[in-house]
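Notes to accompany the following structure.
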Amino acid sequence: MRIIGYIEHPQLKITVFKMNNKLSVKFESGLYEQTYKFRESEDLKNIEQMKHLVDNQLIIQVEQGLAQMHQIKNQALSRYLPPVEDNEFDTLI
């Protein structure tokens, strides 16, 4: 897999990869990432065409997905980790 380019965005790191007749676009934000893979075709084979594919609507949906991933992770952590007691001071004996 090799990087064929980046797509500029103020909040997301967007990287485009190429491998075995497939193009992948990876969106990263903090601890989260989403990757979409596409078969290479005459209309979808280079970074310029991928820049047209990654439009505002796709970015909005990706950002919503990343926010949902954050919620899912936090819900899982809250089920796994014990609740934190809200004691102001340590108990001294």
Side-chain angles (χ1 to χ4, degrees):
M1 182 179 299
R2 66 184 179 93
I3 296 172
I4 62 169
Y6 298 93
I7 299 173
E8 294 296 321
H9 189 271
Q11 285 87 29
L12 301 173
K13 180 179 180 186
I14 305 172
T15 310
V16 180
F17 301 91
K18 190 172 188 177
M19 185 175 104
N20 297 337
N21 298 324
K22 290 183 193 155
L23 294 166
S24 300
V25 59
K26 180 167 73 168
F27 300 87
E28 296 177 73
S29 176
L31 298 174
Y32 308 99
E33 63 183 47
Q34 289 182 32
T35 302
Y36 296 89
K37 296 181 182 182
F38 303 91
R39 285 189 180 92
E40 186 176 10
S41 69
E42 192 61 36
D43 296 321
L44 199 57
K45 63 182 176 183
N46 60 43
I47 185 65
E48 292 306 316
Q49 292 166 325
M50 290 299 287
K51 286 180 180 179
H52 289 291
L53 175 76
V54 179
D55 61 5
N56 286 334
Q57 184 63 36
L58 178 60
I59 289 174
I60 289 168
Q61 291 174 318
V62 165
E63 289 174 327
Q64 291 169 346
L66 292 167
Q68 185 179 20
M69 290 171 73
H70 180 69
Q71 289 175 344
I72 291 168
K73 181 189 92 171
N74 284 342
Q75 290 168 356
L77 283 172
S78 69
R79 289 188 305 270
Y80 174 72
L81 296 175
V84 176
E85 292 190 28
D86 195 21
N87 290 339
E88 222 177 289
F89 301 103
D90 291 338
T91 303
L92 297 175
I93 300 179

Worksheet item: Backbone N or O of Leu44 within a donor-acceptor pair of the Ser41 side chain at under 3.5 Å?
Response: yes

Practice prompt. State whether the side chain of Gln75 and the backbone N or O of Ile72 hold a donor-acceptor pair below 3.5 Å, judged by distance alone.
Written response: no

Between [atom1] of [X] and [atom2] of [Y], what distance do you get to the nearest 0.5 Å?
X	Y	atom1	atom2	answer
Glu48	Ile4	CD	CD1	9.5 Å
Ile7	Ile47	CD1	CD1	5.0 Å
Lys18	Met1	NZ	CE	13.0 Å
Met19	Glu40	CE	CD	12.5 Å
His70	Ser29	NE2	OG	10.0 Å
Glu33	Lys13	CD	NZ	10.0 Å

Practice prompt. Output, in order, the C-alpha distance, side-chain angles, deciding distance and verdict of side-chain contact (heavy atoms from CB on, under 4.5 Å) for Leu58 and Asp55.
Written response: CA-CA 5 Å; Leu58 178 60; Asp55 61 5; 3.4 Å; yes

Quick check on [X]: does its [atom1] atom have over 12 non-hydrogen neighbours (other residues, nucleotides or ligands) under 6.0 Å away?
X	atom1	answer
Lys73	NZ	yes
Glu28	CD	yes
Asn56	CG	no

Discussion item. I'd like to know whether Tyr6 forms a side chain to side chain donor-acceptor pair (under 3.5 Å) with Glu8, so could you lay out the CA-CA distance, the side-chain angles of the two residues, the decisive distance to 0.1 Å, and finally the verdict.
Written reply: CA-CA 6 Å; Tyr6 298 93; Glu8 294 296 321; over 6 Å; no

Discussion item. How close do Gln34 and Val62 get, counting heavy atoms only, and between which atoms?
Written reply: NE2-O, 3.1 Å

Worksheet, complete the sentence: Looking only at heavy atoms, the pair that brings Ser24 and Lys37 closest together is OG-CG, 3.4 Å

Practice prompt. Indicate if Phe17 and Tyr32 have the same hydrophobic cluster label, given that clusters are the connected sets of ILVMFWY residues with side-chain heavy-atom separations under 4.5 angstrom.
Written response: no

Discussion item. In the structure I gave you, are the side-chain heavy atoms of Leu12 and Leu66 within less than 4.5 Å of one another anywhere?
Written reply: yes

Discussion item. Using the rule given for side-chain contact (heavy atoms from CB on, under 4.5 Å), can you reason through Leu53 versus Tyr36, listing the C-alpha separation, both sets of side-chain angles and the distance that settles it, and then say yes or no?
Written reply: CA-CA 11 Å; Leu53 175 76; Tyr36 296 89; over 6 Å; no

